[in-house]
Amino acid sequence: MIELMKEEDLEQVLQIENDSFSNPWSRKYFLNEIANNDLSELYVEKIDGEVISYGDLWYMFENCDLTKIAVAKNHRNKGYGKKMLKYLIATANKRGCEFMHLEVNVNNAEALKLYEGFGFEPVRTRKRYYENGDDAYDMMRGLIGESQPKKVLAIESSCDETACAIIDEDLNVLSSVVTSQIDVHARFGGVIPEVASRMHVEQISTIIKEAVDQAKVSMDEIDAIAYTIGPGLIGSLHVGAIGAKSLAFFYDKPLIGVHHLKGHIFINELIKPLQYPMMALVVSGGHTELVYIENDQSFRIIGTTLDDAIGEAYDKVARVMKEAYPGGPVIDRLAKQGKAHYQLPTPKVDGYNFSFSGLKNAVLQLVKKEEAAGNEINKEDLAYAFQEVALNTLVKKTKAALEEYPCKSVVIAGGVAANSRLRELMKENFADKDLILPPLKYCTDNALMIACAALHYLKAGKFVGLDASSMPSMSIED
Ligand code: KG4
Ligand code: ZN
């Protein structure tokens with residue numbers, strides 16, 4: 001996310017500055033730019049708290065000076081410089097500037113190429129401008145008529161989170177608001193659909209308003225409205241659909257119906273660009289699927305569960321162990337303290353399909369047997385045994401699928417992608433691939449993921465009408 005630089009970013013920015021320039025700006029200079037220089041605004045792109053790039057603009061009436069742009073050493077050549085420059089141009093344009101100006105060393109071929117690619121042209125040469133005697137070019141570019149990146153407002157309400165987010169097509173996150181009903185459902189040991197729908201109804205207007213306020217945009221600036229069209233709980237889906245359709249109708253915006261699981265996959269673009277073909281291991285409360293993704297518009301399910309989804313199995317096993325809902329995080333935590341003690345059967349299913357109900361029943365039988373014998377179950381060991389069998393099955397099948405469907409990258413997506421042992425196993429087994437493990441904050445349901453996926457629908461011109469039906473059991477291939 002690109003945002004205004006704060007003092008807390010200074011240490012990281014100084015490190016990049018010193019790595020990048022022979023004549024770096026000092027701490028004092030940066031502090032002055034942040035705090036005292038009314039003309040200047042410094043922007044940073046941060047991912048999970050790490051500064052990736054930064055840029056400085058000086059606003060001087062109709063002209064805007066680009067006085068600095070730099071990318072962290074370990075993130076160069078990944079498109080972050082272009083992303084920052086694009087953002088700075090769009091921002092200056094939005095502020096009403098008509099020109100952008102910069103100076104660049106005539107011998108810095110890489111920087112010249114970048115600037116020329118963005119329409120900057122040399123207007124004069126400044127002789128011996130730099131300390132080492134090198135010349136500089138003054139480069140200029142007009143900003144009038146610059147189109148702003150398209151913005152999407154997205155709503156997610158497929159299960160027990162009500163969420164709204166706004167993103168632009170350059171993947172700048174303008175806002176993301178999520179409320180979870182988990183505490184309420186925990187009392188019942190699982191999501192109660194009727195309760196979920198009612199709570200979505202109570203929350204949705206406030207959440208949308210908060211997302212719009214946070215993004216500091218007017219509805220006029222939004223280019224499309226997206227929502228989760230399926231799969232999910234039908235009542236919950238309806239609430240999001242009605243929210244999205246009301247906005248689309250009232251503000252006359254195109255409407256995009258997003259597949260929830262595509263959201264879990266595309267949110268990873270906030271971390272790095274996706275490479276195709278890609279294998280996605282989708283592991284959530286409702287799905288366990290191996291999806292071969294040839295490109296951003298082509299999804300093919302090559303394996304699926306024949307009975308319980310993996311997250312569902314985690315939740316049910318936790319319930320057998322009299323642990324709270326959702327069971328996934330509890331078992332994840334217990335298993336860390338467990339050891340190999342109990343024996344559980346490995347599911348045997350042909351091809352790339354999965355089955356977890358036998359494993360779940362084996363846990364139930366084991367608990368009953370131990371209880372009947374008057375033995376206390378060691379929960380840590382049981383969690384360990386269940387998890388090792390379940391997760392190794394997932395990894396083994398993914399490995400086999402990759403032999404038949406070679407891929408550049410492998411991604412895990414869905415709530416169970418938060419599991420610490422699964423993440424460990426993925427790293428051990430797919431070190432040779434571009435492995436994408438979503439940051440924990442993106443594993444649970446949110447609207448940012450729907451917004452990220454919606455950009456691909458927007459690009460392909462895939463819209464739905466106001467009469468579109470929500471689809472509780474929609475396939476990712478649809
Ligand atoms: O994707 P998600 O938030 O909702 C659906 O779309 O289904 O996934 C929820 C599932 C729940 O079954 C929950 O127990 C599981 O993800 N989960 C985990 C962990 N965190 C959440 N499972 C295993 N380990 C975790 N750390
Ligand atoms: Zn989900």
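Counting starts at 1 for both ligands and their atoms, in listed order. Model, not experiment: these values are computed from the prediction. If you read the sequence from its start, that first residue is 1, and numbering goes on from there.
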> Quick one: sort the His264 and His260 rings into parallel, tilted or perpendicular, breaks at 30° and 60°.
perpendicular
> Kindly give the atom name of the N, O or S atom of Asp445 closest to the Zn ion (ligand 2).
OD1
> Return yes if some donor-acceptor pair links the side-chain N/O of Thr288 with the main-chain N/O of Thr305 below 3.5 Å, else return no.
no
> Which of parallel (below 30°), tilted (30 to 60°) and perpendicular (above 60°) describes Tyr292 and Tyr405?
tilted
> Please determine if the Zn ion (ligand 2) has an N/O/S atom from His264 lying under 2.8 Å away.
yes
> Arg300 side chain to Glu477 main-chain N or O, any donor-acceptor pair under 3.5 Å?
no
> Under 3.5 Å, is there a donor-acceptor pair between the side chain of Asn361 and the main chain of Gly358?
no
> Indicate whether any N or O donor in one side chain lies under 3.5 Å from an N or O acceptor in the other, for Asp307 and Ser355.
yes
> For ligand 1, what is the set of protein residues having any non-hydrogen atom at a distance below 4.0 Å?
His260, His264, Ser284, Gly285, Gly286, Gly311, Tyr314, Asp315, Pro326, Gly327, Gly328, Pro329, Asp332, Gly414, Gly415, Val416, Ala418, Asn419, Asp445
> Does the pair Lys245 and Tyr227 meet the rule for a side-chain contact (heavy atoms from CB on, under 4.5 Å), with working shown?
CA-CA 9 Å; Lys245 288 177 184 180; Tyr227 70 105; 3.8 Å; yes
